[in-house]
Amino acid sequence: MAFFWTVAALVVALAVVWRLLGAYMVSVYEGRCGWLGFLERPIYRLMGVNAETEQTWQRYGVSLTAFSGVVLLIGYGLLRLQGSLPLDPQHLGAVGPAVSFNTIVSFVTNTNWQAYSGETTMSYLSQMGTLALQNFLSAAVGMAVAVALIRGFSRKGSKTIGNFWVDLVRGTLYILAPIAVVAAVVFIAQGAVQTLAGPVTVSDAINRVTQVIPRGPVASQEAIKQLGTNGGGFFNANGADPFENPTGLTNFLSILLILSIPVALTYTFGKMVGSVRQGVAVLAAMTIIFGAWLAIATVAEHQPNPAVAAAGLTAQPAGNMEGKEVRFGDTTSALYGVASTQTSTGSADSAYDSYTPMGGFAMLSGMMLGEVSPGGVGSGLYTILLFAIVTVFIGGLMIGRTPEYLGKKIQAREVKLASLGVLVMPLSVLVLAGIAVAVPAGRAGPLNAGPHGFTEILYAFTSAANNNGSAFGGIAANTRFYEITTAVAMLLGRFGVIIPVLALAGSLAVKEYVAESVGTFRTDKAIFVGLLLGVVFIVGALTFFPAVSLGPIVEQLSHGKFF
Amino acid sequence: MRYQLVASLRRGIVVTVVFFVVLGLGYPLLVTAIGQTFFSRQTNGSLTGYGSTLIGQNWSSTPCPGHLPGTCVFQGRPDDLGPYAADPAKGVSGGDNPLVANGVPGGSGPTNLGPRSKTLVADTRKLIEYWKARGVNPTPDLVTTSGSGLDPDITPADAIAEVPMVSAATGISQAALEKLIAQQTVGRQLGFLGSGYVDVLKLNMALSKMR
């Protein structure tokens, strides 16, 4: 019953966020919001950017790529030089070259895959100035790309799709920063730590025990890690660590923050293309997938853990508690997991590796559908719009008519770009996972034996190529092989999709509107939602079913066997 | 195009430096200042004179004259990881672990053992024996490790399962201990968020006053 109320409260809160934040984001990206102009204008002046000038998709793409390259290099340098920089109270020293490369790629691509353990690797300066900073910037880049694509639909006969620098600065200053400050204070009030004073040693006179307790600027990182669907924890245990996620309320707030921007962007989308109903249709498809996967995950995690039952404890009324925290419980942990894996967040308040086979399947397959339900900040919207283009194309094939979406003719070029964007992720996952199981360095990775070990490998590349960042944590991600291969997957999964999306935005913006006729396939109706869901499921199932059946499905079916 | 690229790189550097100052440093410092001003206890780690109420401790080695170690206090879930873990060389012991259920080094974190892991079956068997030897009929939470390895809480049912052990070692009646657990039980937040729990450190602080 408590779980029902949790979901109900989440739905109500998201409905409010959808309407208010969605409308606010329209005003931000259309430049009608100016309350932080005193900060915004000097930044443009320093950069030498005229906020009124717009860019073609090529220039937008060059700016985005150049910016990403710059932050990659600066971030890499800061991690490598960590030992010589201030704010390192634990004297952790420099971060190794391969880990630094993997980490900075991971944070710049909004993945936040962590090949390192936070409290024993990263200084406070690295956590704040490199990792948390990238949480803001990579999220703002994702939103900028989504807004550029929306402009492709909402404009006609236009050569330009906006200005990357303006979208980047506005998204960061007006949307991410204010919400993060408020959320961080709530986290602190609940018990998340926020100090630069370093670890503390405490002695307990009751049990004669001395503990060294790591601390740090945790709450500030926690707020933006969830809001920007980044997911990289300050501590190794991520959202399960009581200093990151101390109470049931912060757990709920985490889920809400994760879903806020991706959900609200569907309102922004609808409003900017002139029909909120179009946004509702996309949101409906997202919600149906989310709801179905939530049902699978909660039912699965409410089952007993097979290994604990085999050891003699068959009665497990609270479900599978291996790898879960008492203050969250089984179903709320599963809800957090679904929110985190169906966006590009990848944070965790429990150990996905210890989930029941079908619970783990729900986490893995949620990412395999392309992270469109609702997906990462920006990336969720632009990916589902790629699927929408494929959908109207297939709809058009059925009746032999040139497809249209939002008044724009969808022609060969658009369909090619959308297909490319949709196929980059599965291709990266399957090829890299195939390589990993074929070479000894890859097979050395998993902690668990049997099908679960294969799932750990498959999960790693699915997570990396979807820019999710969650893990079946048993895998030894800190080996040279996985550091390089997951970085490749993250770069492909990010920029291999962003570039086609920008090209698509440019090609759509130039087009004129076609008048709606009786033959037009209405994309704000249930039948479109159904067809869109069909396309998402068919693409996901056709590409991944063979791989998944070797992992969680075999594991689920092997009753009574242990590996 | 070449001019474009150079201009973009220059703008990228400028905006990164600006945001490094504003968001990389300014934002966490602002949040730290607000936290230290209004919530100084939470900001610094919810520390009491006996440790942090948010971070689990090792109760299984607590000296109990005339009885097995750890039987005169309530124990938490079996976690023993990372910097919180026992380290005899440094004279540091932590985690709330009766047994080392796993050996993952390097920080907070779970065991990551899968649902069909032979290791997990064997570890769970050892934990069940551990509790049985202390007269406790263990609940699932008492033989499974948490997501953080630092879980400071147990459920009221877990605490009640430990009552016979604590009662035998302290001489406090079972009814009095059950009353204590009821007093220390924290319900769901707002009535529906998360799960109800007992904070083991707070429970043991209250218990030490009864002795």
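A, B, ... follow the sequence lines: proteins, then strands. Residue 1 opens every chain.
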Short question: side chain of [X], backbone of [Y] - any donor-acceptor pair under 3.5 Å?
{"X": "B:Ser8", "Y": "A:Ala66", "value": "no"}
{"X": "B:Gln57", "Y": "A:Asp204", "value": "no"}
{"X": "B:Arg116", "Y": "A:Pro357", "value": "no"}
{"X": "A:Arg327", "Y": "B:Tyr197", "value": "no"}
{"X": "B:Asn112", "Y": "A:Gly473", "value": "yes"}
{"X": "B:Gln189", "Y": "A:Leu249", "value": "yes"}

Quick check for you: among [options], which has the greatest number of heavy-atom pairs under 4.5 Å with chain A?
{"options": "B:Gly70, B:Gly12, B:Gly49", "value": "B:Gly12"}
{"options": "B:Ala122, B:Gly194, B:Cys72", "value": "B:Gly194"}
{"options": "B:Leu25, B:Val15, B:Asp141", "value": "B:Val15"}
{"options": "B:Gly51, B:Pro115, B:Gly114, B:Gly45", "value": "B:Pro115"}

Discussion item. Less than 4.5 Å apart, side chain to side chain, heavy atoms only: is that true for A:Leu313 and B:Thr124?
Written reply: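 Side chain of A:Leu313 against side chain of B:Thr124, heavy atoms only: no contact under 4.5 Å found.
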Worksheet item: With side chains defined as the heavy atoms from C-beta onward, is the minimum distance between A:Asp241 and B:Leu150 less than 4.5 Å?
Response: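 With C-beta onward as the side chain, the pair touches.
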Which heavy atom of [X] sits nearest a heavy atom of [Y], and at what distance?
{"X": "A:Met128", "Y": "B:Gly24", "answer": "CB-O, 3.3 Å"}
{"X": "B:Pro152", "Y": "A:Pro242", "answer": "CD-CG, 3.9 Å"}
{"X": "B:Arg10", "Y": "A:Met47", "answer": "NH2-O, 3.2 Å"}
{"X": "A:Val326", "Y": "B:Asp153", "answer": "CG2-O, 3.7 Å"}
{"X": "A:Thr6", "Y": "B:Phe192", "answer": "OG1-O, 3.2 Å"}
{"X": "A:Asn448", "Y": "B:Ser117", "answer": "OD1-CB, 3.7 Å"}

Can you tell me which of [options] forms the most heavy-atom pairs within a distance under 4.5 Å of chain B?
{"options": "A:Ala309, A:Gly359, A:Ala310, A:Gly118", "answer": "A:Ala310"}
{"options": "A:Asn305, A:Ile206, A:Ile74", "answer": "A:Ile206"}
{"options": "A:Leu173, A:Asn245, A:Val169, A:Thr332", "answer": "A:Val169"}

Worksheet item: Is there any side chain to side chain donor-acceptor pair (under 3.5 Å) pair reaching into residues 39-55 of chain B, and which pairs are they, with sequence neighbours excluded?
Response: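 The answer is B:Gln36-B:Asn44.
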Worksheet item: Is it true that the side chains of A:Gln55 and B:Gln4 contain a donor and an acceptor less than 3.5 Å apart?
Response: no
I'd like a table of donor-acceptor pairs (distance under 3.5 Å, sequence neighbours excluded) in which one partner is a side-chain atom from residues 26-34 of chain B, with atom names and distances.
{"residue": "B:Tyr27", "atom": "OH", "partner": "A:Ser220", "partner atom": "O", "Å": "2.6"}
{"residue": "B:Thr32", "atom": "OG1", "partner": "A:Gln194", "partner atom": "NE2", "Å": "2.9"}
{"residue": "B:Thr32", "atom": "OG1", "partner": "B:Pro28", "partner atom": "O", "Å": "2.5"}

